[in-house]
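This report concerns only the one structure given below.
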Protein chains: 2
Amino acid sequence: MAKYRQIYEQLAEKMRSGALPAESKLPSETELMHAFEASRGTVRKALDLLQEHGYVRKHHGKGVFVLRRDQIEFQFNGIVSFSEVYASMLGRSIQTTVASFEEIEAPPWLAERMNLEPGTEMYRIERVRNFDGENVILDVNYFVKDLVPGLTEAVAAHSIYHYIEHELGLQISYAKRKIAAEDVTALDRVRLDLHDYEYVIVITNDTFLYEGRQFEYTESRHRLDKFQFSDVARR
Amino acid sequence: MAKYRQIYEQLAEKMRSGALPAESKLPSETELMHAFEASRGTVRKALDLLQEHGYVRKHHGKGVFVLRRDQIEFQFNGIVSFSEVYASMLGRSIQTTVASFEEIEAPPWLAERMNLEPGTEMYRIERVRNFDGENVILDVNYFVKDLVPGLTEAVAAHSIYHYIEHELGLQISYAKRKIAAEDVTALDRVRLDLHDYEYVIVITNDTFLYEGRQFEYTESRHRLDKFQFSDVARR
DNA sequence: CTGTATTTGTACGTATGTATG
DNA sequence: ACATACATACGTACAAATACA
């Protein structure tokens, strides 16, 4: 692992364990240089990463300060699937059914979007989230088969992310999300209890591994009235 | 402005204008060094920023490639005000008009939400964003007068965040945001060109100063078809 | 398949600027 | 005025991934 990542990990671990408590000031860059036997640029790169990930805040001329932990954890929620976050927010349970589970070759639009070879083998999964007796969310997942081998319908019914991280031991790095309203499609009408709604809120999700390779593309399609998203942003 | 930011701006502008089209490869770091008369580290810092903001994707050993970038997009990495997001999007006509500017006492629902004394003095501002000749976004801002003194209609027409940070020197710390669809209100019908849309996407925003005091509550109401939100979630 | 050139990634060292106390 | 701490910028060297002859 790169040196600046090692420094990042060690400092992050100290913050999580409480050895570096919230509100406290980190040692200066010069001190960290000596402590880790690294150049200042390398130390700075680790600190930049910590700030980007919400662990610390740098103040020109003052120092680097540890942020409160609750905000960090909130950030962690961000990468988990929306339906799960949504469920925990409402304190109710959502029932998931796997509506479709296929192995396909990547269609051209997806291959281009994910920067894959045409014809790459993929899993395509449709899952419906039922809340209070109504189907309100449709998740369509595409996974690269090579990167996420051994996916089954049983896993899909449980938690795919848990499988990826704990069973396969893959490290998820980041996800790009986009939220927008779209016209209802024929598939939406089949899978969801739409009533008279003509639009759905669509969350597209491109998820990347630590090495920067994209292993997933997902569309999460929500009925308008059952959609809610919240987060905390920092300067 | 820092040199790496200038390089960032110039490259970003070329991508927005199409001089550097999507999918194309940027000149190598060495070429950019000579073109901008900068060191490689400086060029790299600009490229890192471009990647962080979703303009490009760097590929080890291959090069740096321009990503697709469609319609109106909210780049929500951190707290960003409207004019900051769209300042860069010149060439597409976006105009802001202040539709209403009042000094009021905090209504009960707001006092409770912001944890204020009943009757706290506030500014209430309505601003309409016109995109390609249509009014598509309505912002309703509430500011605590004591914390943001001297706000005027002229400031509101320009950039309130710029005023708060640079003129008043206040430190914004974090913002809680929520996004949901809501029924169109009478006010929406007055201010926006809604066509037949019966719903708007509403982003509510509670913004806090560094000491933890809330100074702002804002509702940003978007016409369905002109709403897009994107961000990057990291582990 | 093999070496070579190209391109980005990491790391180090140094110098100077800017904000804070 | 002075010291401290972070920000920017330059230069150099080597490693790692990729492309190509």
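All values derive from a computational prediction rather than experimental measurement.
If you measure from atom CG of B:L49 to atom P of D:dA9, you get 12 Å, rounded to the nearest angstrom. For the pair A:M1 CE and C:dA11 C1', the computed distance is 17 Å after rounding to whole Å. Going from atom NZ of A:K58 over to atom P of C:dA19 covers 16 Å, rounded to whole Å. For the pair B:R5 CZ and D:dA7 P, the computed distance is 12 Å after rounding to whole Å. Across the protein-nucleic acid pair, B:R57 atom CZ and D:dT18 atom P stand 12 Å apart, rounded to whole Å.
Between A:Y4 and C:dA11 there is no side-chain polar atom (N or O) within less than 4.0 angstrom of OP1 or OP2. A sub-4.0 Å separation between OP1 or OP2 of C:dC12 and a side-chain N or O of A:K3 is present.
When atom types are taken as modelled, the side chain of A:K3 and the backbone of A:E37 share a donor-acceptor pair closer than 3.5 angstrom. Remark: side-chain polar atoms of A:S17 are paired, donor with acceptor, to backbone N or O of A:E13 under 3.5 angstrom. A distance-only check finds a donor-acceptor pair linking the side chain of B:Q51 to the backbone of B:K58 [under 3.5 Å].
Shown here, D:dA1 forms no base pair; nothing in the strands shown gives a Watson-Crick or G-U wobble contact with both key distances under 3.5 Å.
Residues meeting the side-chain hydrogen bond (donor to acceptor under 3.5 Å, both in side chains) test with A:S39, sequence neighbours left out: A:T42.
Listed by residue number, the members of residues 35-48 of chain A with any heavy atom below 4.0 angstrom from DNA chain C are A:E37, A:A38, A:S39, A:R40, A:T42, A:K45.
Annotation: B:E117, atom CD; neighbour count of heavy atoms from other residues, nucleotides and ligands within 6.0 Å does not exceed 12.
Salt bridge status for B:R221 with B:D139: absent, with no side-chain N to carboxylate O gap under 4.0 Å.
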Taking protein heavy atoms under 4.0 Å as touching, what does nucleotides 2-7 of chain C look like 5' to 3' if B marks base contact, S marks sugar-phosphate-only contact and - marks none? -----B
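Side chains of B:R129 and B:T96: a donor on one and an acceptor on the other come within 3.5 Å.
The CE atom of B:M114 sits 8.0 Å away from the CD atom of B:E216 when rounded to the nearest 0.5 Å.
Between A:Y142 and the options A:Y123, A:F215, A:W109, a ring pair (Phe, Tyr, Trp, His ring centres under 6.0 Å) holds for only A:W109.
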